[in-house]
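So the structure is just underneath, and the comments pick up after that.
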Amino acid sequence: MIFANVIPGRGRKPASPETMNTDGMQSGGAAPHFLRPVLLDSGPGPAGRPGMTGSRFRSTLGFFEGAHPEAVVDRGHDAYERGDYSAALKEWSAAAVAGDPEAFYRLGLLYARGHGVVANLADAAGWYRRAAELGHAMAQHQLSLLHLEGYRAQASSFARWYGSAAKRDPEAADHNRTLLFPNGFDVPQDPAGALHWSQAAAEQGIADAQANTGLIYARGIGCEPDYRKARHWYSLAAAQGSAAAELGLGILYANGHGVEQDLPTAASWYERAAVKGIAAAQVALGLMYLSGQGVDRDTDRAAEWFGKAAEQGNARAQYNLALISLDGNGRPRNEHAAETLLRHAARQNFVPAIARLAQLYETGEAALPNMIEAAKWYRVAAETGNAEAQFSLGRLYARGDGVPQEFGEAAKWFQKAAEQGIPAAQVNIAAFLLQGTGVARNAERAAEWYRQAAEQGVATAQLRLGYLYLGGEGVPRDPEAGVAWLCRAVEAGDPEAQTALGMLYARGESVDQDFATAASLVAQAADSGYPPALLQLGHLYAQGHLEPPEEGAAMHCYRIAAEAGNVEAQRLLAWNCLNGHLVPRDTAAAALWFRKAAEQGDRYAQYNLAVMLLKGQGTAQDAEEAFHWCCLAAEQGLVEAQLQLGDLYSAGLGVAADVALADAWYEKAAEQGDAAAAQLRRSNETRAAGAE
């Protein structure tokens, strides 16, 4: 449902409430949806039972004689209001001797806040429980909150003290801990107990307890989820003006939990809570205005509510307000404001904001691209398990953008994203495995990743999986399966698949030969501007497989493909121009197209351009440039170029004569079985011997 994201997850810690005043009611703003006990800290209490042991207990008894418990509690209240916590402790301890539940509750508050005593929630829980068992509603509520979360005092100074002391003398440490902290340091998490005490307080009309009971039933904490009971308690609390309950009712109606889904009603409840300053309600209402669900679509109102929640530090609101600032949606774009908002949300570890901030730096939306910052934030998001960020970080490592180019790291992050079902990551890790890039080559695993992406409808994966089945690589050879996967990619409109399947029909491989079907498939790919398809269509025209043949159609296809940068088409066009095949002979055009292909690294074009430069054929004669292109082709292992390079060194043409280097290149050519190169090498050795 659309607003499921505003429901806090089960097990998430509730937000902190307003400070409790001494009347046990909340002061300040409205309570948040999930209440918390009145303060978190821990420490030692007085010896023995919290607040009353030893001589202190006896003096309290004497002080209490002849006084009515309510009057003593009131005197403690007056002292507390004056800030005289010691006097308040004394008065309330006296009333507690007589078993007064209000005194028990007030002592619990002192230990929760650390007023007049060292704060210790375990001691607070002890006093709350005594009051709760006597029916004290606010004590029941506070005890419920403590057990809802539980509390461990691992970081307190006294917990550390006990840990250090126990290493030296465990028996003495345990004795002192029992003496100073009879209730211990911790409060156990007890979902069932939390529900019991919360409902007990709710039944006595405590609005916060009613709201919290509704939440417990909605989440199924200590019980099975029961939306009917949740709505019952939320409704009672909302009738008392509880903002937390209003938010809860909004969530129920927005998601159809226990009621028929009713977005306008949800919006009305959200608005009541939002007006009272509940950030989660403000975000939910903002999302409704942004999407136009339950209310008329209004980006300005959405931004207004997001802004109110963002001012309270709500990361989700900051993120959504940033998106509005980036997208505009009828409002002026403000990239710098968006960057600031995203950074605020990212610092709160809000993963969508972290990932969007990284993207902002990668694309340079707010300023110039900053790949180092992009990589930093992608890593933060990736390490939280965000699959999209893992994929993006893999891309950066693969390209060496913002981080060193490390194919091993790229493969690691691609695999993590692939395991979470990101199709593009599955395709990339498959390609790495198939090529042995950054990982050990493993065609079987590559095929499996391609299969997972292919089954998600990724045409590239369907195409590659088809190739694997056709070639029997990583899978048993299965031409029928290969053609089937190619057909699925063709149905998705992939031009490479259209071309590949078309050429299978043209050659009659794995399918019956059918030039009409071949031409239809290749033409579809060519119409999309796919250069290899234009090249293959040119071949079909040149070989007379298309009837009736169109004059100049083959060269037209070759030229368009060549102009689109297809190396094979450029080289073929150059050969045709050089030899006057299908076109008038044009050596200048031949040199031009050889050069374009050579600049893209084609070794055959490099060699042929070198020959034309040596001859001055179609271009100005230039032995030095010829030497340059010949070197490039020879280094790629082209025998003819190696042989030619040996000749250039031998003759000192375009380079200083060097018999040793000439011999070295002749040897390279000879190693590839070129008999002429072997003969020239022997001649060179003879000339060198004669010179000596």
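All values derive from a computational prediction rather than experimental measurement. Position 1 is the first residue of the sequence, and the numbers go up from there.
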Side-chain donor-acceptor pair present, [X], [Y], cut-off under 3.5 Å:
X	Y	answer
Q415	E419	yes
E455	Q462	no
Y378	E362	yes
Q570	E563	no

Do [X] and [Y] touch side chain to side chain, with heavy atoms closer than 4.5 Å?
X	Y	value
Q644	Y607	yes
W629	R603	no
L357	I354	no
Q642	Q672	yes
H344	L342	no

Strictly below 4.0 Å, N to O, side chains only: are [X] and [Y] in salt-bridge contact?
X	Y	answer
E406	K412	no
R343	E373	yes
R356	E365	yes
E625	R595	yes
R451	E444	no

Going by the salt bridge (Lys or Arg N to Asp or Glu O under 4.0 Å) test, which pairs reach into residues 429-440, not counting sequence neighbours?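 Every candidate salt bridge (Lys or Arg N to Asp or Glu O under 4.0 Å) pair involving residues 429-440 fails, so no pair, neighbours aside, qualifies.
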
Return the orientation label for the F515 and H545 ring planes: parallel under 30°, perpendicular over 60°, tilted otherwise.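 Geometry flag for H545 against F515: parallel rings.
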
Taking the ring centre of each residue, are H556 and Y541 less than 6.0 Å apart?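 Between Y541 and H556, which both carry aromatic rings, the centre distance is not below 6.0 Å.
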
Report the distance from atom CG of N334 to atom CD1 of I324, rounding to the nearest 0.5 Å.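 Nearest 0.5 Å value for the CG-CD1 distance: 12.5 Å.
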
Would you please test E480 and Y469 for side chain to side chain donor-acceptor pair (under 3.5 Å) and show each step? CA-CA 8 Å; E480 186 176 342; Y469 274 112; over 6 Å; no

Cation-pi check, R395 onto F391 ring (under 6.0 Å, within 45° of axis):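 Yes, cation above the ring, under 6.0 Å and within 45°.
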
With sequence neighbours left out, what residues match Y604 under ring-ring contact (aromatic ring centres under 6.0 Å, His included)?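 Counting only residues at least two positions away or on another chain, Y604 forms no ring-ring contact (aromatic ring centres under 6.0 Å, His included).
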
Given Y397 and F407, is the ring-ring contact (aromatic ring centres under 6.0 Å, His included) satisfied, shown in steps? CA-CA 6 Å; Y397 272 112; F407 292 121; over 10 Å; no

